[in-house]
Amino acid sequence: MAESIEWVEKYRPQSLTDIVGNKKSVVDMREWAQSWLSGTPEKRAIILHGPAGVGKTSAAHALARDLDWETIELNASDQRTAGVIERVAGSASKMSSLTGTTAKRLIILDEADNIHGNADRGGARAIGGIIKNTDQPIVLIANDLYGLTPSVRSLCIELKFNSVQGRSMIPAMKRICVEEKIMCGVGVLEKLAESAGGDLRSAIKDLQAVATGRDEIHIEDIATSERDTKESIFKVLGKIFKSTDPKKALEATYGLDETPENLIHWIDENLPLQYGTEEGTQEDLITGYEYLAKADRYLGRVRKRQSYRLWRYAGALMTCGTVVSKTHVGRGFTKYQPPSFWRKMGQLRAKRDMRDNIASKIADHANKSMRYSRTDLAHLYGRMLEENEYAADVTFDLELSIDEMVYLTGKKKVTKDIQRIHDLAQAKRRSLGRDEGKAFFEKKPKKQTPDKKQMDLTQIINSTPQEDKVEKKETENVPPVKKSASKAKPQKTLFDF
Ligand SMILES: Nc1ncnc2c1ncn2[C@@H]1O[C@H](COP(=O)(O)OP(=O)(O)OP(=O)(O)O)[C@@H](O)[C@H]1O
């Protein structure tokens, strides 16, 4: 019978030999680690990148375990400002290991592509500095390779972890079933592997979910449990909106895999769809929202005091409150919607990520701070993309994707001009025999005399309004560049939202 400990943790690979799939990257990891045993390798860090749940974090820890290395991990939940990264990883990268001078200490930076959020505080920049000087091996883990700054990438060996193939997942799941004494019917593991879409963590989680409370699993169990999870929230909403019994509605939420924080968004989104469509139900709608407001106050207290016991009051207010606020029960069919709030948050997050990505590229290109690049330089680069003379070079130098070009120019969609410029940059990349990821790093070193076009670009950048004092300090060591006579007027930047 299944127990409550998470199988993904219980069966986390202990050695690199336990990692399923991605053999080439695993071999390369091992070789890189070996090179540390005979001195300091040219590339002191590796980036393990690829989709979620394919074994990147496990591989990093397994490598350390295989070699008897200590690990120091900084993950996304830690405050990863430049100061913290330097303090934790920086000092670790210099200190001799606690267990003796020869053993290494593996520094693992999880979700390294998410350090952009902290980029203004120099997180990404600090990593570059640490990698250059470290005498301890560093592993960066990222879902999106391009979420790392080009300068950091140029210092690392990039190792891709691909989705795990279904047929490779099956033996791993079989081993778990044997350990857990679960009998599996024909096609069960194949079906779980297939629906996991290459994410072995999901497959194992699904296996545990379906095996909970069973000694045997059959293919019908999977079909039912799939339907259960998909239907549950809609079923519960039906009970809340259609039933007149508050107790039943509340009980229905107990089996739901949603927190009250999420449930309130579902009710909020669908309350007007349900009560607003019926004649004379406006009062119901108002009373319903009054209950939701009360529930929300409790959720606020939970957040503030971290007192999760209050969830039960919030849950009761939002479900029972919605039930008792209706004066008559609607009969018709209502198509419930997922909360639009989530969609908007997702869009906003994507927009912010893109903004930070672009700002990071500009910061590297212009050798300026992230903040200055975002607030003052971005619109200039956007304008350069509209100047035939510079557009293709800027696109090439910054490795801009077509979406980033659309964003930077403030256009709503890909125009013919954007497409043409993007194609020109690609052609230049091909003619120089560079793949996309390498173009930027192979630029001329900064001290060389810039060519005419580079001079022009730098002049335009330096003709922007003065940076504030902090920014100036950061760029004190940058060689002075002649100011252009025509000063660009300050204007609202594309990034001001
Ligand atoms: N290739 C694999 N070999 C063996 N087990 C794996 C593999 N991939 C995932 N798993 C299982 O899934 C769990 C999660 O894997 P892991 O945290 O290493 O994934 P990840 O690629 O780092 O994901 P994320 O990007 O979300 O952090 C592991 O504890 C293990 O049980």
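Order of listing sets the numbers, starting from 1, for every ligand and every atom in it.
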Looking at [atom], what's its closest protein heavy atom, distance included?
{"atom": "atom 3 (N) of ligand 1", "result": "Val20 N, 2.9 Å"}
{"atom": "atom 29 (O) of ligand 1", "result": "Val8 O, 2.6 Å"}
{"atom": "atom 6 (C) of ligand 1", "result": "Leu200 CD2, 3.4 Å"}
{"atom": "atom 26 (O) of ligand 1", "result": "Arg201 NH2, 2.3 Å"}
{"atom": "atom 9 (C) of ligand 1", "result": "Gly53 O, 3.2 Å"}
{"atom": "atom 11 (C) of ligand 1", "result": "Ile204 CD1, 3.9 Å"}
{"atom": "atom 25 (O) of ligand 1", "result": "Lys56 NZ, 2.8 Å"}

Say whether, by atom type as modelled, one donor and one acceptor occur between the side chain of Asn22 and the main chain of Asn162 under 3.5 angstrom.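 Such a contact is found between Asn22 side chain and Asn162 backbone.
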Would you say Arg44's side chain and Thr40's backbone share a donor-acceptor pair under 3.5 angstrom? no
Which bit of Asn143 is near ligand 1, meaning a heavy atom under 4.0 Å away: side chain, backbone, both or neither?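 Side chain only.
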Quick one: does ligand 1 sit under 4.0 Å from the side chain of Pro13, the backbone, both or neither, non-hydrogen atoms only? side chain
Is the number of heavy atoms from other residues, nucleotides or ligands under 6.0 Å of Lys239 NZ greater than 12?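 No, the 6.0 Å shell around NZ holds no more than 12 heavy atoms from other groups.
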Report, as yes or no, whether the 6.0 Å neighbourhood of atom NZ on Lys205 holds more than 12 heavy atoms from other residues, nucleotides or ligands. no
Can Lys428 be said to sit on top of Phe396's aromatic six-ring, NZ or CZ under 6.0 Å from centre and within 45° of the ring axis?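 Yes, a cation-pi geometry.
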Strictly below 4.0 Å, N to O, side chains only: are Glu404 and Lys361 in salt-bridge contact?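 Salt bridge between Glu404 and Lys361, a charged N being under 4.0 Å from a carboxylate O: yes.
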Near Ser58, which atoms of ligand 1 are under 4.0 Å from a heavy atom of that residue?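 Once the distances to Ser58 are compared, the set is 15 (O), 16 (P), 18 (O), 28 (C), 29 (O).
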Below 30° counts as parallel, above 60° as perpendicular, anything between as tilted: where do the rings of Tyr313 and Tyr298 land?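 Answer is tilted, since the angle falls between 30° and 60°.
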